Structures are given as structure tokens and as C-alpha cells.
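Please read the structure below before turning to the comments.
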Amino acid sequence: MSNETQVVAVVLCCAAALLATAAAGLRLLWSRRKEHAPPAADTGARPPASPEAAAGPPDPANSTLWRMRTTVRDEPGSLAALCTVLARERVDILSLQTHPLADGTVDEFLLRAPEELTSQELAGAVLGAGGADTWVERADAHDLVDAPTRILGLATRTALDAAELPLSLRQLLGRCTIKSLPAKAVGARGGDGGAPVEGGFDDTVLRLRTPEGGVIEVERPYLPFTPTEFARARALVELDTRLGPRVPHGEDVLTLPEGNDITVRRADSGDLALSKAMHDRCSQATLARRYHGPVADADRYLNHLLSPRYGRTLAAQTASGRIVALGHLLWDGDETEVALLVEDDWQRRGIGAELLGRLVAMAVEAGCASVYAVTQSANTGMVAAMRGLGLPLDYQIEEGTLVITARLDAAPTASLLPYAQEAEDEGEFERAEQHG
């Protein structure tokens, strides 16, 4: 059986399992709806519907989408009371998920409300209906996709690319900070690093074991995790574990001005030997500009940098098979770092700018708000490459270390061609350096 066939088989198995889970969830939701319905003998009068409620749901053109979570008592009638209050406010329930707890239930809603209804008024109405620990946040059109479909999409992305796991977890769990701790770092903490083999969570921190012995740590201070969310996150990590290391195999062949062909492709830990060979050909000055520390330690960074667990790597490779440049897009908690290393003999040909443009395009596609590069203030090549993106830049300089942050709220960046681009307008950079 080929590797591709094995991947497809595993993905189909995981999809079947996720669909079974979704079906079970629907059965649970249906049973809960019957539990929350009024008893058959209940003939008490209901409050008359308000004129606003009789007017029907809010006009989509004059409404706001909200995501809301609230904890209700796990007893008949509690959900019905909540829905009644929402109906009085002319709030349309677009979707509902339940997260069972030991002493109650967290109900998660996607709501369409009249635009004049504020989040504080919405939360107050829910509180009056018996909801507790209510959380309300603006939603958008992406939230209209139902949960099983969204989870299957995240599973597919994770199956195709190991570097997608942190991004999939972030989309699954909302705004959160994700850190990947290698096995060595976990061991340095002592014990098991706070995560058993099957993982676990404690209020706002969720920990998941990786196959190499490390831990993925997810923190979401504004909203506690539920057992349902932990089970979904663990299923994604288990899928990643079963499929093993993998990156997409696409590549582009680019022709430099002097006629040399360069192949740009994704790289991973399997390229460690070729990457170390490139290190050996780089000058001490080039390595120092890239790693900002003892040059003798440069090789030990490569295992981390090439691992899809921590981000994505692009390699520029010659027709003879040599890697002559590496570009990294690294997941750093809720921020994203970009880094470049170009072999001395291949510098000033636009290769670094090409890799950087592609990395930033990946960051835009992944929904990152910004990317930053850490370099030295004298590294005019990196400064020029960042300026060449055509994006808003922020500069921070301290003791010779320069951090350049590019905000990605502008239009997605295009491929930075031609290779001859070496514009170095130093005026803006010098002003930033003078003002610190």
C-alpha cells in the first residue's frame, strides 16, 4: 500500500469516527431538547408575546451575529426558559451546541440579534433566565458553518500538512495561545510536565502529549475549556500522531536573471543533512546575522526549525541538489516569526525576498494578524526584504537588535519579483533607529 493510500485510508477512518461523534452529539442534543420541553401536564399560562416578538426574527441587513456561551442547570425547562427570553428580544438562534459538565451544561449559541441589542443587554437577559458565567463575542460569516463540517475540514487540513496542527487547534478553540514544548523542555520542568499520556486540561489551560514526548500547551484565559473541547482537540492530535511527519510535495522552479534554475519547496526534518551542509558553506558573519548568538550552536537550532510542529519551512534548492537558502515561518504563541538564511554565494539575487514573500502569503492564508523578524540593525538586506513586502511596518530597536513587525491587515502580498529588486531606501529605517 502506497503512502498516499495509507493517508487517505486513515483520513477516511478519522472522518467516519468524527461523523459518528457528530451523530452521537445530535442524539444527545435531541434528548436534551425533550428533557427541556415543558411537561405534558403543564397547562400554566405563558406570558403574552411582545409586539416585537410577533414581528418575527431580525432583518439580516440590520442585525448582528453573536457567539454566546452560558451555563445552565441540567434540569427540564432550563433551556426552554433561555430560548423564551431570547425570543422576546427578537434573537434568532442559528445553531446550538451542548457541552455537558458534572454539575450543569454549557450551551453554546450562534445568534442573530437586532443591531440595537448590545452584548450587555443580551447577557443581562440570559442572566435573568437562569444562565450563569455568560460570555458573548461578535461572530462573523465563518461561524455559520456547522460544527461537524468545520471539524472535518480541520481534520483534512491537519492530515495533509503536519504544520497545520497548531492552526487547526486555534481555529477549533478560538482566540488562544498555543505553545509547543519539546521533550527536553518538558523534562526540565520535572515529572511529566503536567500532562499525562492522554493529555488533560485545567480550567483555562489545556495540555496534549505529542508522539515525540513533548507537550502542546493551549491557554485561553478569557473562557474555560470544556470536556467536549478537550476531546475534539485530542482527536486532532491523535490524527496527527497516526499520520506521522508529512509536508505537501509541491514545488516551483524559478529562473534567476543569470539563468540558474532554483527550486522552491517545503522542507522538513528529512532535510537536516542538506541544511547542515549549507551551514558549513556559510560564513561566520552570515550565521551570526541569522542566529544572533554563538555561531558554534547554529546547527543545534535546525532540528527545531525544520520540524513542522513549530511552523513551516521553505527551501531553495539548486539543480545539483544543494539547499542554498531556508525561510522559516514559526508559530510563536499567538504571534508569528519569519526568518531567512541565504548562503553567501547566493545572496543579493532576490532569493531571500522570494522566500519571504511566500512565507508572508502563508501567514495571510493562515489568518495571522502580523509577522515579525528579529535581526541586527546593520542587516540592511533583511530590512530591505521586509520593506519590499509593501506592508505597514513597525520598528523596535534595543541594543543593536532590531525587531520589524509587518501588519497583515493589508491586501495579501504578491510574489516579490523580479529578483533584481534590491531597493534600499534607508531614510525611514534610519529615522526609526534614531527614535528607538
Side-chain angles (χ1 to χ4, degrees), residues 182 247 251-308 310-330 332 336-360 362 371-389 399-404 416 419-422 424 429:
V247 295
E251 58 183 36
D252 290 332
V253 177
L254 308 174
T255 301
L256 301 180
E258 63 271 23
N260 300 98
D261 284 342
I262 291 290
T263 299
V264 177
R265 61 173 178 82
R266 287 283 299 277
D268 61 10
S269 302
D271 295 292
L272 183 60
L274 289 174
S275 300
K276 284 186 174 180
M278 183 188 73
H279 269 191
D280 293 339
R281 297 191 300 271
C282 288
S283 68
Q284 299 291 296
T286 291
L287 294 176
R289 281 195 298 268
R290 166 62 185 88
Y291 294 107
H292 327 294
V295 175
D297 295 336
D299 284 353
R300 70 182 177 86
Y301 302 138
L302 284 174
N303 265 325
H304 174 90
L305 294 173
L306 293 171
S307 172
Y310 304 104
R312 300 176 182 174
T313 297
L314 289 177
Q317 191 168 17
T318 66
S320 63
R322 284 187 172 187
I323 287 181
V324 296
L326 291 172
H328 305 285
L329 186 70
L330 303 169
D332 181 14
T336 308
E337 180 183 1
V338 288
L340 297 172
L341 176 64
V342 181
E343 187 178 328
D344 294 63
D345 291 344
W346 294 85
Q347 293 175 8
R348 298 189 178 277
R349 304 188 191 187
I351 297 176
E354 174 67 24
L355 294 183
L356 181 61
R358 290 168 180 255
L359 293 172
V360 171
M362 287 181 178
V371 297
Y372 71 92
V374 181
T375 185
Q376 297 174 356
S377 56
N379 189 354
T380 57
M382 188 65 181
V383 174
M386 291 293 289
R387 294 192 74 255
L389 293 170
E399 297 181 357
T401 298
L402 173 64
V403 179
I404 310 174
L416 298 179
Y419 289 101
Q421 176 189 347
E422 289 186 11
E424 295 186 5
F429 168 64

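The structure presented is a predicted model; accordingly, all values stated were derived computationally and were not measured. Sequential numbering from 1 along the given sequence is applied to the chain's residues.
Note: Leu402 CG to Gln376 CD = 10.0 Å, rounded to the nearest 0.5 Å. A distance of 5.0 Å separates CD of Glu354 from CG of Leu254, quoted to the nearest 0.5 Å. Going from atom CG of Asn303 over to atom OG of Ser275 covers 10.0 Å, rounded to the nearest 0.5 Å. Within the model, atoms CH2 of Trp346 and SG of Cys282 stand 13.0 Å from one another, a figure rounded to the nearest 0.5 Å.
Counting all heavy atoms, side chain and backbone alike, Leu306 lies closest to Leu272 at CD1-CA, 3.7 Å. In terms of heavy-atom proximity, Gly321 sits nearest to Leu274 at O-CD2, 3.8 Å.
Arg290 pairs by the salt bridge (Lys or Arg N to Asp or Glu O under 4.0 Å) definition with nothing, not counting sequence neighbours. With sequence neighbours left out, Asp271 forms a salt bridge (Lys or Arg N to Asp or Glu O under 4.0 Å) with Arg265.
The number of heavy-atom neighbours closer than 6.0 Å to CZ of Arg281, taken from other residues, nucleotides and ligands shown, is above 12.
Of the residues Val360, Ile404, Leu340, the one that meets the side-chain contact (heavy atoms from CB on, under 4.5 Å) test with Met386 is Ile404.
Side-chain contact check for Ile262 versus Thr318: some heavy-atom pair is nearer than 4.5 Å. Contact check for Leu314 versus Leu326: no side-chain heavy atoms found under the 4.5 Å cut-off.
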